[in-house]
Every structure is written in structure tokens, then in C-alpha cells.
Amino acid sequence: MLSGFKIFSSDPVWQQIVTEFGAAVTTDSVLCDVNMDALDLKTPVSPALLKSSIIAATDNTAIIDSVFGEHVSLSPIQSQIVTLLYKSGGMSADDLKVALGYAPDATTHSVETTIYELRKLYGHDFIKNINGIFKLGRI
């Protein structure tokens with residue numbers, strides 16, 4: 001039901017519940033898809049309400065609109081990378097791969113290709129690589 005979501009919670013009960021629904025529990029409240037501690041869920045909660053609350057919490061439209069200063073449509077991986085860089089302040093390519101669900105030693109070039117595409121669309125300074133750390137720059 002929640003496969004593919006990375007969820008943070010400091011509460012072991014919520015950790016168990018979201019694990020049983022197929023989500024991955026993470027110890028990083030910044031690089032997660034949803035921070036359960038920030039949701040205002042009153043128990044008992046139905047599985048449908050839990051799922052809809054988690055999906056609603058993953059809407060990063062406000063972050064994307066803030067970064068670009070207007071509404072833009074991005075592919076899911078582009079949106080994830082921009083959101084991760086915004087939330088974290090900067091990440092290495094390996095950290096981005098892990099945050100996107102890839103192994104750090106994966107031979108995929110999805111992250112680099114997506115960054116190339118974003119730079120092509122919004123300028124080379126949009127995503128900077130400073131000492132191996134990708135950071136959002138200016139549009």
C-alpha cells in the first residue's frame with residue numbers, strides 16, 4: 001500500500017505500522033518522503049486515511065514553486081532531486097542515489113542525466129557541483 005515511500009517517525013508504533021504497509025522507515029527526518037511526527041494524525045486512524053495523509057504530505061508543489069518562483073511541471077525524478085537539494089542544502093551524487101532508492105555503487109546514470117537535463121532547461125548555474133556536492137544555485 002505504501003511501497004516506495006521513505007517515512008520517518010520517532011514513534012516505534014508508527015514505524016511498525018508503516019513497515020507493515022510496505023513503506024521503508026528511515027532515521028533521517030530531512031531526507032524522507034514523509035515525516036510522520038509532523039503529521040497531525042489522531043488515532044485510531046483507518047488505513048485509507050493513513051495512506052491519503054501520507055500521499056498528501058508528499059506533495060512538494062510549494063517547494064518547487066518556491067525554488068522556481070512560479071509553477072513549473074517537472075518529471076518525478078526532477079522534482080525529487082530539486083526537493084532533496086532544497087531540503088538538505090546539498091548532497092553528493094552517491095547520497096542522491098541512495099535518497100532516490102538506488103544503491104550508492106549502482107552503475108545507473110539517472111541522477112547525473114537528470115541534473116544535466118535540469119541544467120539544460122534552467123541554466124548551468126541552477127545546480128552547482130561544489131567539491132562533489134550538488135547544490136541548488138540560481139535560475
Handout entry: Exercise: identify the closest heavy-atom pair between Pro12 and Ser10
Key = CD-O, 3.4 Å
Completion exercise
The reported gap from CG in Asp33 to CD1 in Ile54 (rounded to nearest 0.5 angstrom) is 10.0 Å
Between side-chain atoms of residues 60-68 and protein atoms elsewhere (two or more places apart, or another chain), which donor-acceptor pairs fall under 3.5 Å?
residue, atom, partner, partner atom, Å
Asn60, ND2, Thr58, O, 3.3
Thr61, OG1, Asp59, OD1, 2.3
Asp65, OD1, His71, ND1, 3.3

Exercise for the section: Decide whether Trp14 and Val34 are clustered together by the hydrophobic rule: side chain heavy atoms of Ile, Leu, Val, Met, Phe, Trp, Tyr closer than 4.5 Å, transitively. Expected result: yes
Handout entry: Common cluster, Val18/Val13, ILVMFWY with side-chain heavy-atom separation under 4.5 Å
Key = yes
Exercise for the section: Sequence neighbours left out, what pairs pass side-chain hydrogen bond (donor to acceptor under 3.5 Å, both in side chains) with at least one residue falling in residues 125-134? Expected result: Asp125-Arg138
Practice task
Please name all residues satisfying salt bridge (charged side-chain N to carboxylate O under 4.0 Å, His left out) with Lys120, sequence neighbours left out, ordered by chain then number.
Solution key: none
Fill in the blank from the handout: So the salt bridge (Lys or Arg N to Asp or Glu O under 4.0 Å) pairs with at least one residue in residues 97-117 (sequence neighbours excluded) are none
Exercise for the section: Could you name each residue pair satisfying salt bridge (Lys or Arg N to Asp or Glu O under 4.0 Å) that touches residues 37-49, not counting sequence neighbours? Expected result: Asp40-Lys42
Problem - Expected output: side-chain Arg119 to main-chain Phe126 donor-acceptor under 3.5 Å - result: no
Problem - Spacing of Met36 atom CE and Gln15 atom CD [to the nearest 0.5 Å] - result: 10.0 Å
Exercise for the section: State yes or no: do Ile133 and Leu96 share one hydrophobic cluster built from I, L, V, M, F, W and Y residues joined by side-chain heavy-atom distances below 4.5 Å, directly or via other members? Expected result: no
Handout entry: Common cluster, Tyr116/Val111, ILVMFWY with side-chain heavy-atom separation under 4.5 Å
Key = no
Exercise for the section: Report whether Phe8 and Met91 are members of the same hydrophobic cluster (ILVMFWY, side-chain heavy atoms less than 4.5 Å apart, transitive linking). Expected result: no
Practice task
Kindly indicate whether the side chain of Ser53, heavy atoms from C-beta on, has any atom under 4.5 Å from the side chain of Leu41.
Solution key: yes
Exercise for the section: Go through the structure and list residues passing side-chain hydrogen bond (donor to acceptor under 3.5 Å, both in side chains) with Asp95, not counting sequence neighbours. Expected result: Ser92
Handout entry: Residue pair Ile127 / Tyr122, side-chain heavy-atom distance below 4.5 Å
Key = no
Give every donor-acceptor pair under 3.5 Å between a side-chain atom in residues 77-86 and any protein atom, sequence neighbours left out.
residue, atom, partner, partner atom, Å
Gln78, OE1, Ser75, N, 3.0
Gln78, OE1, Ser75, OG, 3.4
Thr83, OG1, Ser79, O, 2.8

Exercise for the section: Enumerate the residue pairs fulfilling ring-ring contact (aromatic ring centres under 6.0 Å, His included) with a member in residues 34-59, sequence neighbours excluded, ordered by first and then second residue. Expected result: none
Please tabulate, for the side chains in residues 21-29, all donor-acceptor contacts under 3.5 angstrom to protein atoms that are two or more places apart in sequence or on a different chain.
residue, atom, partner, partner atom, Å
Thr26, OG1, Asp28, N, 3.3
Asp28, OD1, Val30, N, 2.9
Asp28, OD1, Leu31, N, 3.3

Exercise for the section: Not counting sequence neighbours, list each pair that qualifies as a ring-ring contact (aromatic ring centres under 6.0 Å, His included) and has a residue in residues 40-59. Expected result: none
Exercise for the section: Apply salt bridge (charged side-chain N to carboxylate O under 4.0 Å, His left out) to Asp11 and list each qualifying residue two or more places apart in sequence or on a separate chain. Expected result: none
